[in-house]
Structures are given as C-alpha cells and as structure tokens.
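Notes for the one structure printed next.
All of these numbers come straight from a predicted model, not from anything done at the bench. Each chain gets a letter, A, B and so on, in the order the sequences are listed, and its residues count up from 1.
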Number of protein chains: 2
Amino acid sequence: MKLSEGVEWAIHACALLAAVPPRAALPTRKLAEFFDLPLAYLAKHLQRLSNAGIVIARKGPRGGYALARPAREISLLDIVEAIEGRSPCFSCTEIRRRGPSGAPATAYRRPCGIARAMWKAEKAWRAELARVSLREIQAMGLAETPAAQVKKATAWMETALS
Amino acid sequence: MKLSEGVEWAIHACALLAAVPPRAALPTRKLAEFFDLPLAYLAKHLQRLSNAGIVIARKGPRGGYALARPAREISLLDIVEAIEGRSPCFSCTEIRRRGPSGAPATAYRRPCGIARAMWKAEKAWRAELARVSLREIQAMGLAETPAAQVKKATAWMETALS
DNA sequence: TATAAACGGATGAAATTTGTCCATAACAGA
DNA sequence: TCTGTTATGGACAAATTTCATCCGTTTATA
Ligand code: SF4
Ligand code: SF4
C-alpha cells in the first residue's frame, strides 16, 4: 500500500509548471535539474502526465512541457491517477469460490460485501483528492516556502527559460 | 498502490472465525483448507492478526484461532492495518529541499501542502474502513451466498470442529 | 541542415511481495 | 510424564514490481 514516489515527483513538477509564464515550456532536463532527480526516469513520469492530457509537450528546441489547462482545473486526483493508474487498490481473487464449500462463478451474482466496502473507502480517498486543485497546492507552496527560496527559484526560472 | 492480497485472506479468515461457536477455535490448517490457500503463508497473516490483538491463538491440540472480541467491535480498518501496517501510503522524500533552489531542513517548518492533502485523503479512506464492522461483513456475506453453499459451509465447520 | 527535445521500447538493477522450511515453545489429552 | 498437535518467529528462496538507464525514432526550431 505504498504510492510510488513518482507521484511526489509528478505533483512537484506540475506545481513548478504552474509557475511557468504562458506560452513558455520547461524541458525535462530543467525539471530534473530543479529537483535533482534522475532525468531519464523523470521523463517517463512526464510522459504519463502527457498521455493523461494534464500536460502538453512541445518537441524540438525551446520545447518542453507546459500545463494543458489552468492549474485551477487540474486536481491532485488527475495527477495521482496519471502516475498510479486507475485500477482499484483492492482486487479480489475470488477466494470464496475455492475450497470445499466453493461454487462456480455463476452461483455468485454480484461482488461481495467485502469488495464493496473496500471500494467505497477507496472512492472516498479519490473524492478527497479530487477536491484539491493544483492551484491550491501552488498557493500553499508559495505561502510556506521561505522568501529567500522563492527568490532563488524565480531567478532560476528566468535563466531556465532564456 | 496495490493492497497485498493478504488483506483479502485476512478479512475472509476473520469472517469465517466470526461464524465459529464460542470457546471453539479453528487451526490454520483448517482455514487454509477452507479457502484453498498456502498453509505456511496464511499462517504468517494469522500471526499478524494475532499480534494485532484481533484474534487470539491457542496452542496445542484442539487449539487454533478465535476472534479476540465480538465481531461488532472489529472494524475492517483493524484488519487492514494489521496486515498492511499503519504507515502512510504517501511518504515524501523532501525533494523540495534538493536542487538549485533548495535549502536545509531548518528552512521548512511544517509539512507542505502536498503532503497535508495526501494525508487528509488517506485519513478519509481509513475513516471509511473504520465505519464497517466485521459483523456487517458477516451479515452481507451470509445474505449474498447461495443457500446451498451456506449449508455446505455449515456442514464443513461441524466436521472441522469435531 | 544541425540541433534540441519528446516518445516509446528494450533492458537491467534493486526492492518488495509471495511463499517455504525449520527449530522452538506451549498446550491438551492419555 | 509422554506424545502429538498447534502457534511462533527467523531464515531463506522465488516471483513480481518498481526504479532506472539506454537508444533509435520522430518532431519541431532556428
Ligand atoms: S468474497 Fe468478496 S473479497 Fe472475497 S473473493 Fe469474493 S469478491 Fe473478493
Ligand atoms: S514539498 Fe511536500 S511533498 Fe514535496 S518533498 Fe516536501 S513535504 Fe514532501
């Protein structure tokens, strides 16, 4: 029950992309540099964000990634699902069918109470994630990082885009 | 973000133990037989339930496992946490500290918005699991399995306990 | 045309999960 | 007290998943 650490990378990357001025783009190389992450692997995660339509990719010189829509319209759930996938974290192997008192699949009409309860809980988790937008994440991030770091980051962004 | 399948095993095992008459106990061997699961590995999971105080073990002949308290007082969360542990599924590696605009740990007072949002969602998941008791699981299971299977299972239980 | 970047498949390394085995301790019944 | 039965927990092996790198191709810019 561990989220892959790529989720953390992706959220941070999106939060940084949210601070990129319109029409500009940040290439993988710059994102990896900013967070000191392995370039090739981070690229895989950005690809997923791209495939999920969260981020737009531009190939070629001066290319890179930019948010596909306003940060307000991107939820944490969007990002998490882009990286982790949409399959439920509880998957049953139908063990009730096995053993001495089991029966063929036809005997059981609908998923059992166990599966339903687990899925309901997972739904609550996803709903909570859907409620927070990248915009809020960005705002919180700005509020909680020391002024000196914000300044450094802003300066870094300028040189990265030039 | 996959729950280990041991969770499914443990919930089913507990649900079956809920149907064991008071003062009796089901040994690992019987539980493994009922669900057609690898005995040695199932034993590991039952041990975890035992260590978590969900189930009590009795060694020796006519020993085995029984619920440690009424099914009404055992929640799905209890079982899930016994198997999966209590550590949060989102763990941050503090990547904000790294890279060109990073800063030493002292600069950041409290966990960032990302981590807080992820933890809040996880809390919602756990809360939902805490709301459903083993009693309800048992009742749902009884209601949804065909009468023929219930009969078979009851008969099996009698011979298993004798 | 030369260069910079994303894309995606193949592959390898590391970590985790899944599963087995065994020695030991506790217990019930004869 | 003796014997067989059961849980306990550690060590170990196999399988699967995650983490990470590499490379050939495609696309776009100047
Ligand atoms: S009874 Fe429910 S949890 Fe168990 S195997 Fe069937 S669907 Fe899965
Ligand atoms: S900014 Fe938040 S999510 Fe990112 S490393 Fe720090 S605490 Fe973790």
Task: Footprint string (nucleotides 16-27 of chain D, 5' to 3'): B base within contact, S backbone only, - free, heavy atoms under 4.0 Å - done: ---BBB----BB
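At distances below 3.5 Å, at least one donor-acceptor pair connects side-chain atoms of A/Arg58 with backbone N or O atoms of A/Arg62.
Atom CZ of A/Arg58 is separated from atom C1' of C/dT3 by 15 Å (rounded to the nearest Å). When rounded to the nearest whole Å, the span between CG of A/Leu161 and P of D/dT29 equals 16 Å. When the P atom of C/dA26 is taken as reference, atom CD1 of B/Ile56 falls 17 Å away, rounded to whole Å. Distance CG (B/Leu46) to P (D/dA7): 8 Å, rounded to an integer number of Å. Look at CZ on A/Arg48: it is 12 Å from P on C/dG8, rounded to the nearest Å. Rounded to whole Å, atom C1' of C/dA10 lies 14 Å from atom CD of A/Gln47. Atoms CG (B/Leu26) and P (D/dT5) sit 17 Å apart, rounded to a whole Å. Rounding to whole angstrom units, CZ of residue A/Arg29 and P of C/dA4 are separated by 9 Å.
The 12-atom threshold is exceeded at CZ of A/Arg98, counting heavy atoms of other residues, nucleotides or ligands nearer than 6.0 Å.
A/Glu73 and A/Ser133 are not linked by any side-chain donor-acceptor pair at a separation below 3.5 angstrom, with hydrogens and angles left out of the test. A donor and an acceptor atom, one from each side chain of B/Glu128 and A/Trp125, are nowhere located under 3.5 Å apart.
Checking each of B/Arg86, B/Arg69, B/Arg131 against B/Asp78 for a salt bridge (Lys or Arg N to Asp or Glu O under 4.0 Å) leaves exactly one that passes, namely B/Arg69.
For the pair A/Ser50 and C/dC7, the criterion of a side-chain N or O lying under 4.0 Å from OP1 or OP2 is met. The side chain of B/Asn51 contributes no N or O atom lying less than 4.0 Å from OP1 or OP2 of D/dA7.
The pair B/Arg116-A/Glu144 meets the salt-bridge criterion, since a charged nitrogen lies less than 4.0 angstrom from a carboxylate oxygen.
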